[in-house]
Amino acid sequence: MNHDVYEPAYIRQILEDVRTIAIVGASSNEARPSFFVTKYLVDKGYTVFPLNPGMAGKEICGRKVYASLGEVPEPIDMVDIFRNSEVAASFVDQALTLEPSPKVIWMQLTVRHDEAAAKAEAAGVRVVMNRCPKIEYGKLSGEWGWVGGNSGVISSKKQSLHGSGKMQSLGIVKQ
Amino acid sequence: MSDQKPGFDTLAIHAGAKPDPATGARATPIYQTTSFVFDDAQHAADLFALRAFGNIYTRIMNPTQAVLEEKVAALEGGTAALATASGHSAQLIICHSLMRPGDEIVCARQLYGGSINAFNHSFKSFGWNVVWADIDDISSFEKAITPKTKAIFIESIANPGGRVTDMDAIAAIAKNAHVPLIVDNTLASPYLCRPIEHGANIVVESLTKFLGGHGNSMGGIIVDGGNFDWGKNKGQFPMLTEPNVSYNGVTMYETFGNIAFAITCRVLGLRDLGPAISPFNAFLILTGMETLSLRMQRHCDNALKVAEWLSSDPRVSWVSYAALPGDKDHDKQKKYAPKGAGAVFTFGLKGGYDAGVGTVSKVELLSHLANVGDTRSLIIHPASTTHSQLTPEQLEMAGAGADVVRLSVGIEDVADIIADLDQAMS
Ligand SMILES: Cc1ncc(COP(=O)(O)O)c(C=O)c1O
């Protein structure tokens with residue numbers, strides 16, 4: 001499939017489908033983008049497994065850190081890769097050996113590996129590249145507009161508040 | 001919506017403006033509040049550290065303003081936008097994000113007089129130095145660039161002369177030098193021209209003019225094209241690429257990608273310098289924007305008829321309006337703003353200074369004032385008002401010679417506009 005542009009419906013379906021997300025390259029440094037994303041996805045109610053060999057056994061955002069995909073104790077719906085494009089392929093290979101296979105492989109902004117993506121798609125795994133799930137969630141929920149972002153979404157339906165009941169939190173996933 | 005990409009008029013009405021999440025209100029509510037309650041202490045900390053999306057304080061963001069921002073970003077084809085208290089404050093915040101003392105900005109000579117003043121005098125006191133170039137000599141832009149250049153600044157259609165700038169050519173120079181091209185799109189509005197499609201990286205506008213369109217609210221906007229690599233040359237744009245101490249070491253470009261410029265302008269520029277737009281003004285401008293296409297086309301149609309009438313009038317020595325077939329900018333207008341040349345243009349009276357003063361004194365329908373982009377037709381004689389402190393030579397340079405009259409043609413019945421000019425010129 002074309003990985004230059006994604007239809008909002010494709011992204012929405014992914015973010016609605018997945019419940020467990022492994023974050024490859026999660027950081028405990030609170031100024032790092034990977035920390036921002038981990039925190040956001042935890043707050044939105046996803047079950048997040050931070051991966052970082054140097055921090056295995058410790059916690060990020062209250063979630064236990066694992067050294068590798070193979071050690072995560074639950075089925076992983078989505079693997080989110082916060083590593084550069086060159087090494088992304090090796091994480092895709094690892095993800096494809098998981099039982100059961102993940103439903104989605106997501107590569108962060110600036111990360112793209114077309115060959116690895118084709119391989120994953122051939123195995124029936126949906127792929128998103130060079131995007132951030134926090135940004136995409138924000139665009140679909142309406143939160144992106146709060147920072148002046150152009151969501152590309154037009155709708156005459158009221159935006160939903162997040163299931164957490166928090167005042168300043170919009171949601172897209174039915175809780 | 002279906003897979004069909006929404007058209008411009010649909011965006012003008014719907015972009016950013018979903019029904020209110022709290023109340024279901026269909027029109028955008030006016031959130032006339034200074035501040036917003038946090039969900040809990042952690043949420044507050046996340047907001048202040050930029051980790052969560054949300055509202056803190058109206059100096060930084062406001063939900064009414066946010067709708068305005070998304071709408072203009074959508075109409076201009078940008079990734080994000082930031083609204084400010086006025087067009088001028090938007091320019092200030094842009095320069096603050098890009099420039100350090102000693103840096104330079106290359107500006108077209110053909111700019112709104114207020115912008116020329118700001119660059120020449122006020123910005124100098126921050127150590128930001130302007131180097132002037134000329135849209136009639138594109139190579140002057142290339143020659144003006146030095147290692148200290150941080151941006152090129154032009155107007156798509158320039159105020160007051162209605163001159164059309166060759167954006168493609170200047171965008172190529174900016175790209176080659178790897179500096180962002182900033183385009184002030186105030187006089188064209190995104191209905192007539194979308195500079196990002198011609199290589200602009202940042203679009204700035206005074207919302208006070210055609211976007212609001214009714215002469216009732218000040219406002220400005222910065223649109224991030226999302227198409228500039230801030231990190232290409234190390235150290236070129238430190239505010240975007242170096243860890244920020246006031247946000248615990250967050251790096252804007254790395255964290256916010258293709259909206260990093262808009263975010264930097266908001267969380268560093270607007271937060272610290274403070275020119276926030278009022279929610280009520282944001283609401284009025286939003287209401288105006290819903291009819292942007294209708295008004296703008298009528299402005300252009302009326303302006304062309306007035307320009308044609310003036311061209312054939314014996315009291316008039318010249319008319320400078322790019323939509324007139326003989327105009328020196330007519331080819332550029334057909335390329336960059338094919339739907340029309342806008343509402344603002346200048347003409348010369350054979351009777352010189354006295355005829356100019358006489359005309360503005362005698363108008364009864366047109367308003368004699370210093371603004372453009374109102375539903376009402378506006379007229380001014382620069383030499384006796386906005387430019388009266390200049391010498392005759394300086395007046396000529398500024399395109400504001402003694403005989404020059406500037407119009408901003410409104411959307412009244414064009415026959416009435418022409419009749420009023422006719423009686424006022426006699
Ligand atoms: C082209 C242009 N840019 C900027 C401005 C400044 O905008 P504001 O008056 O909203 O500060 C104006 C105002 O006349 C203008 O015509």
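To find a chain, count down the sequence lines: A is the first, B the second, and so on, and within it residues start at 1.
- One distance of note links OG of A:Ser169 with CZ of B:Phe53; it measures 11.0 Å at 0.5 Å rounding.
- Contact of B:Gln42 with chain A is made through the side chain alone, with heavy-atom distances under 4.5 Å.
- Chosen from B:Val67, B:Ile60, B:Val37, B:Leu82, the residue pairing most often with chain A at heavy-atom distances under 4.5 Å is B:Val37.
- Counting heavy-atom pairs closer than 4.5 Å to chain A, the top-ranked of the candidates B:Ala25, B:Ala22, B:Ala66, B:Gly257 is B:Ala66.
- The closest donor-acceptor contact from the side chain of B:Asp39 to the backbone of A:Met167 lies under 3.5 Å.
- Within the 4.5 angstrom heavy-atom criterion, only side-chain atoms of A:Asp43, from C-beta onward, approach chain B.
- In this structure, the side chain of A:Asn150 engages the main chain of B:Gly78 through a donor-acceptor pair within 3.5 Å.
- The side-chain heavy atoms of A:Gln168 and B:Asn55, taken from C-beta on, include a pair separated by under 4.5 Å.
- Taking A:Ser156, A:Ser34, A:Gly152 one by one and counting their heavy-atom pairs under 4.5 Å with chain B, the maximum is reached by A:Ser156.
- Shown here for B:Ala80 and A:Gly149, the closest heavy-atom pair between the two residues is CB-CA, 3.8 Å.
- Expressed to the nearest 0.5 Å, how far CZ of B:Phe256 lies from CG of A:Leu109 amounts to 11.5 Å.
- Taking every heavy atom of both residues into account, B:Leu50 and A:Phe36 meet most closely at O-CE2, 3.3 Å.
- A:Lys119 NZ: 12 or fewer foreign heavy atoms inside a 6.0 Å radius.
- Within the 4.5 angstrom heavy-atom criterion, only backbone atoms of B:Thr79 (N, CA, C, O) approach chain A.
- Scanning both residues, A:Ala31 and B:Val250, for their nearest heavy atoms gives CB-N, 3.9 Å.
- With rounding to the nearest 0.5 Å, the separation of CG in B:Asp40 from NZ in A:Lys166 is 4.5 Å.
- The choice from A:Pro8, A:Ser151, A:Gly138 that makes the most heavy-atom pairs within less than 4.5 Å of chain B is A:Ser151.
- Residue B:Glu70 holds its CD atom at 12.5 Å from CH2 of A:Trp146, rounded to the nearest 0.5 Å.
- The CD1 atom of A:Ile154 sits 9.0 Å away from atom NZ of B:Lys18, with the distance rounded to the nearest 0.5 Å.
- No part of B:Ala262 comes within reach of chain A, as not one of its non-hydrogen atoms sits under 4.5 angstrom from that chain.
- Other residues, nucleotides and ligands contribute over 12 non-hydrogen atoms within 6.0 Å of the OH atom of A:Tyr10.
- A salt bridge links B:Asp46 and A:Lys39; the closest N-O separation between the charged side-chain nitrogens and carboxylate oxygens is under 4.0 Å.
- Using modelled atom types, one side-chain atom of A:Lys134 and one backbone atom of B:Arg51 make a donor-acceptor pair closer than 3.5 Å.
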